[in-house]
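Have a look at the structure below before the remarks.
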Amino acid sequence: MAKLTKLDDIVSLCKRRGFIFQSSEIYGGLASCYDYGPLGAELKRNVRAAWWKAVVQMRDDVVGLDCSILMHPMVWKSSGHADKFADLVTVCKKCNTRTRVDHLAESDKPAAAEHTEHVDIEVEAGKEHNLGGKVCPACGTVGQFSKPMAFRLMFETQMGANADDTMTLYLRPETAQGIFANFRNVLDSSRVKIPFGIAQIGKSFRNEVTTKAFIFRTREFEQAELEFFCKPGTDDNWYNHWKEQRFNWYLNLGIKKENLRFRDHDPDELAHYAKACVDVEYKFPFGSGDWQELEGIANRTDYDLRQHQRGMRTMNDWFEQKGDLSKITLRDEDPDYVKGPLAYFEEETRERYVAYVIEPSAGVDRSTLAFLVDAYDEDEVNGEVRNVLRFHPHLAPIKAAIFPLVKKDGLPEIGRKLYDDLKKHFNCFYDEKGAVGRRYRRQDEAGTPYCMTIDGQTKEDGTVTVRERDSMVQCRVAIDQIKSFLREKLDL
RNA sequence: GCGGGUGUAGCUCAGUGGUAGAGCGUCACGUUGCCAACGUGAAUGUCGUCGGUUCAAGUCCGAUCACCCGCUCCA
């Protein structure tokens with residue numbers, strides 16, 4: 001990228017060219033929500049398609065899935081989100097530091113208790129919290145706390161139009177759990193055998209305490225996740241396999257090598273269920289902390305499937321407590337859990353085990369932004385600055401533009417015909433207005449790899465001028481060869 | 001949630017309490033005809049929103065919304 005050095009520049013570019021707008025802008029905007037404009041929608045669609053092609057279509061060992069966003073509440077009880085995705089937080093009036101209420105120590109006791117028990121926000125928030133004797137861990141001030149604030153990290157909604165007969169559901173905070181919940185279905189219906197993966201792209205929702213940084217951290221976001229199931233003991237190899245696969249995916253789609261890196265998680269940074277985790281990071285041109293996560297690749301062990309086996313054993317409690325998750329404790333694991341409903345039987349060795357899971361989890365919005373930023377470039381042509389988005393052809397929103405050189409002499413008719421033919425195969429754009437140089441530059445800013453110009457010579461020998469985006473080099477191609485020319489050049 | 005900053009045309013931005021501006025872009029016409037050409041003309045504004053002060057508010061005051069920077073937070 002040349003001169004995109006501030007987030008403001010990116011926001012401005014995105015809006016000016018119709019990639020990304022603020023949501024509900026005519027009403028003053030809605031925090032943390034963004035919309036994709038005409039070019040952005042195409043770009044994001046292409047990012048999804050490229051992911052799906054690499055992770056599903058080109059693999060013999062991965063199948064796709066598309067789950068509902070709303071799922072049975074017990075899914076989130078089993079996954080741990082229902083218990084651990086909510087906290088009460090208070091602010092020290094002296095030093096303005098935030099601390100979780102359950103982390104506060106009494107002034108006469110040395111250590112704060114770690115948060116292990118479930119916190120029922122409804123109950124806790126209604127209670128009088130006596131923080132008078134509590135000490136701020138940051139500045140040591142005693143008893144100077146604001147009223148505790150509840151942070152629920154899962155969005156809630158009500159299912160059922162009848163107000164007397166509704167059920168509280170959660171908008172999924174990750175797509176992964178839908179995959180685990182369908183593990184058995186896929187296994188029983190698609191003749192897959194371990195090792196194999198299930199992939200899914202879809203929206204997730206998290207009530208982040210803070211958002212910021214444009215579309216980088218939003219409360220509604222899109223994930224592209226793969227859960228790859230493998231035999232315990234082979235998980236380290238598969239972890240490394242997917243690390244490499246996923247890193248190369250970004251490079252193959254044109255991300256500059258110097259802007260991409262791995263960052264391994266420290267052991268104390270790992271979630272309690274993860275054996276290993278690495279982030280793929282991109283060097284965004286934001287103000288601070290340049291390197292930001294695009295994707296996390298984790299070894300989740302057999303934690304999730306075992307948790308769901310516990311959850312399935314807990315359904316009686318669910319009914320008995322009338323669906324009140326706060327009154328339910330997951331039942332202990334069956335000592336014979338390797339024979340459980342989500343376990344796997346390996347024919348060849350006659351072994352039973354619960355599969356380990358390698359999870360590459362990518363942010364579609366983050367990747368889209370990275371591809372956009374990375375493709376941005378400024379050229380100098382005859383003393384003029386040329387803005388160009390050097391998208392990989394697979395990602396380019398428009399693959400080819402068709403221009404009659406002038407709007408007369410029958411050239412528009414020829415151009416129209418070519419356009420009508422090409423648009424059946426590629427996303428194309430037709431433009432006959434204004435100077436052709438301007439039309440070229442406009443397509444450069446949209447990242448269109450090729451422009452085709454119908455000129456006087458077309459009527460003589462049936463060739464058109466093909467102008468290439470990055471080099472601006474022109475050549476002549478027979479009009480009836482254009483389709484195969486594009487197929488070859490765009491690798492489509 | 002705290003502190004700092006910003007908000008005026010599609011974009012970048014001027015604008016001293018007294019008629020809403022420029023450049024770029026967009027559109028039309030003419031000329032031209034292969035890299036943002038030229039000429040003429042046009043359209044586009046709840047000045048983020050709401051309220052207050054004032055004869056008069058884009059400008060002063062208050063609140064609020066959104067964004068940016070820095071904290072805080074980030075199972």
Side-chain angles (χ1 to χ4, degrees), chain A residues 6-18 21-34 37 76 79-87 89-100 103 114-116 118-119 138 146-149 151-154 173-174 206-217 219 269-274 286-289 293 379 381-388 403-409 411 433-445 451-457 464-469 471-476:
Chain A
K6 294 200 298 287
L7 192 52
D8 282 338
D9 297 336
I10 299 166
V11 175
S12 167
L13 170 84
C14 286
K15 180 167 186 187
R16 194 169 65 245
R17 292 297 147 205
F21 307 124
Q22 171 139 47
S23 166
S24 315
E25 198 184 70
I26 61 169
Y27 293 110
L30 180 64
S32 169
C33 295
Y34 293 89
W76 309 114
S79 71
H81 289 86
D83 292 348
K84 294 170 186 162
F85 234 54
D87 291 302
V89 175
T90 185
V91 178
C92 172
K93 287 174 181 167
K94 195 92 176 178
C95 70
N96 238 330
T97 300
R98 280 186 184 192
T99 313
R100 279 161 59 166
H103 280 187
E114 274 302 306
H115 172 50
T116 48
H118 172 65
V119 176
S146 70
K147 190 163 177 268
M149 301 168 289
F151 283 94
R152 276 175 216 275
L153 299 184
M154 280 200 293
E174 62 177 27
R206 294 182 192 179
N207 242 330
E208 300 284 357
V209 176
T210 51
T211 51
K212 312 210 171 175
F214 197 37
I215 64 167
F216 187 79
R217 187 191 293 151
R219 298 199 171 102
E269 189 185 353
L270 291 173
H272 58 286
Y273 50 77
F286 297 165
S288 71
E293 176 189 354
D379 264 0
V381 182
N382 303 327
E384 299 261 351
V385 173
R386 180 178 78 124
N387 294 334
V388 53
F403 306 146
L405 183 61
V406 291
K407 207 164 79 176
K408 57 187 179 188
D409 303 335
L411 301 188
K433 296 198 176 81
V436 75
R438 179 177 295 255
R439 285 179 265 164
Y440 286 148
R441 297 299 177 86
R442 263 199 291 250
Q443 291 304 312
D444 289 339
E445 286 203 312
C451 295
M452 319 290 170
T453 300
I454 292 43
D455 49 29
Q457 194 180 332
V464 299
T465 301
V466 174
R467 182 264 195 186
E468 202 266 332
R469 175 193 68 200
S471 63
M472 298 190 293
V473 167
Q474 301 186 164
C475 64
R476 298 205 70 88

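Each chain gets a letter, A, B and so on, in the order the sequences are listed, and its residues count up from 1. Hydrogens, waters and symmetry mates play no part in the numbers below; they use all other heavy atoms, side chains included.
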What I'd like to find out is whether the side chain of [X] reaches to under 4.5 Å of the side chain of [Y], using heavy atoms alone.
{"X": "Phe214(A)", "Y": "Cys14(A)", "answer": "yes"}
{"X": "Tyr440(A)", "Y": "Gln474(A)", "answer": "yes"}
{"X": "Gln443(A)", "Y": "Arg469(A)", "answer": "no"}
{"X": "Arg438(A)", "Y": "Lys433(A)", "answer": "no"}

Name the nucleic acid region contacted by [X], choosing base, sugar-phosphate or nothing; use a 4.0 angstrom heavy-atom cut-off, strictly under.
{"X": "Ser79(A)", "value": "nothing"}
{"X": "Tyr34(A)", "value": "sugar-phosphate"}
{"X": "Ile26(A)", "value": "base"}

Interatomic spacing from OG1 in Thr465(A) to CG in Leu405(A) - rounded to 0.5 Å
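Those atoms lie 7.5 Å apart.
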
Salt-bridge criterion met for Arg467(A) and Asp444(A) (N-O under 4.0 Å):
yes

Starting at atom [atom1] of [X], determine the distance to atom [atom2] of [N], rounded to an integer number of angstrom.
{"X": "Tyr27(A)", "N": "U64(B)", "atom1": "OH", "atom2": "C1'", "answer": "18 Å"}
{"X": "Asn387(A)", "N": "C35(B)", "atom1": "CG", "atom2": "P", "answer": "19 Å"}
{"X": "Asn207(A)", "N": "C73(B)", "atom1": "CG", "atom2": "C1'", "answer": "13 Å"}
{"X": "Phe403(A)", "N": "A36(B)", "atom1": "CZ", "atom2": "C1'", "answer": "12 Å"}

Reading nucleotides 23-33 of chain B from the 5' end, what letters show protein touch, with B for base, S for backbone sugar-phosphate only, - for no heavy atom under 4.0 Å?
--SS-S----B

Per-nucleotide protein contact string for nucleotides 3-12 of chain B, where B marks a base within reach and S marks sugar-phosphate only (heavy atoms under 4.0 Å, - for neither)
-------SSS

Considering only the [atom1] atoms, how many Å lie between [N] and [M], rounded to the nearest integer?
{"N": "C67(B)", "M": "G18(B)", "atom1": "C1'", "answer": "32 Å"}
{"N": "G51(B)", "M": "G4(B)", "atom1": "C1'", "answer": "26 Å"}
{"N": "A66(B)", "M": "G23(B)", "atom1": "C1'", "answer": "27 Å"}
{"N": "C27(B)", "M": "A9(B)", "atom1": "C1'", "answer": "15 Å"}
{"N": "U44(B)", "M": "G10(B)", "atom1": "P", "answer": "11 Å"}

Keeping Arg219(A) on the side-chain end and Cys33(A) on the backbone end, is there a donor-acceptor pair under 3.5 Å?
no

Determine whether a donor-acceptor pair (N or O, by modelled atom type, separation under 3.5 Å) exists between the side chain of Arg206(A) and the backbone of Pro173(A).
yes

Considering heavy-atom distances to RNA chain B, does Tyr273(A) or Glu445(A) have its closest nucleotide positioned more toward the 5' end?
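With Tyr273(A) and Glu445(A) compared, the 5'-side residue is Glu445(A).
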
For Glu174(A) and Asp444(A), take the nucleotide of RNA chain B holding the closest heavy atom to each; which residue's nucleotide lies nearer the 5' end?
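The residue closer to the strand's 5' end, by nearest nucleotide, is Asp444(A).
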
Choosing from C67(B), A36(B), C35(B), which nucleotide comes nearest the side chain of Ala31(A)?
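Comparing C67(B), A36(B), C35(B) against the side chain of Ala31(A), the answer is C67(B).
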
To the side chain of Arg217(A), which of C35(B), C74(B), C68(B) is closest?
C74(B)

Should Gln22(A) be listed as having a side-chain N or O under 4.0 Å from OP1 or OP2 of C67(B)?
yes

Dot-bracket, 5' to 3', for RNA chain B please: Watson-Crick or G-U pairs under 3.5 Å, [ ] where pairs cross earlier ones, | where the partner sits on another strand, dots elsewhere.
(((((((..((((....[..)))).(((((.......))))).....(((((..]....))))))))))))....

Nearest non-hydrogen partners of Pro404(A) and Arg439(A), listed with the distance:
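Nearest heavy atoms, Pro404(A) then Arg439(A): O-NH1, 2.8 Å.
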
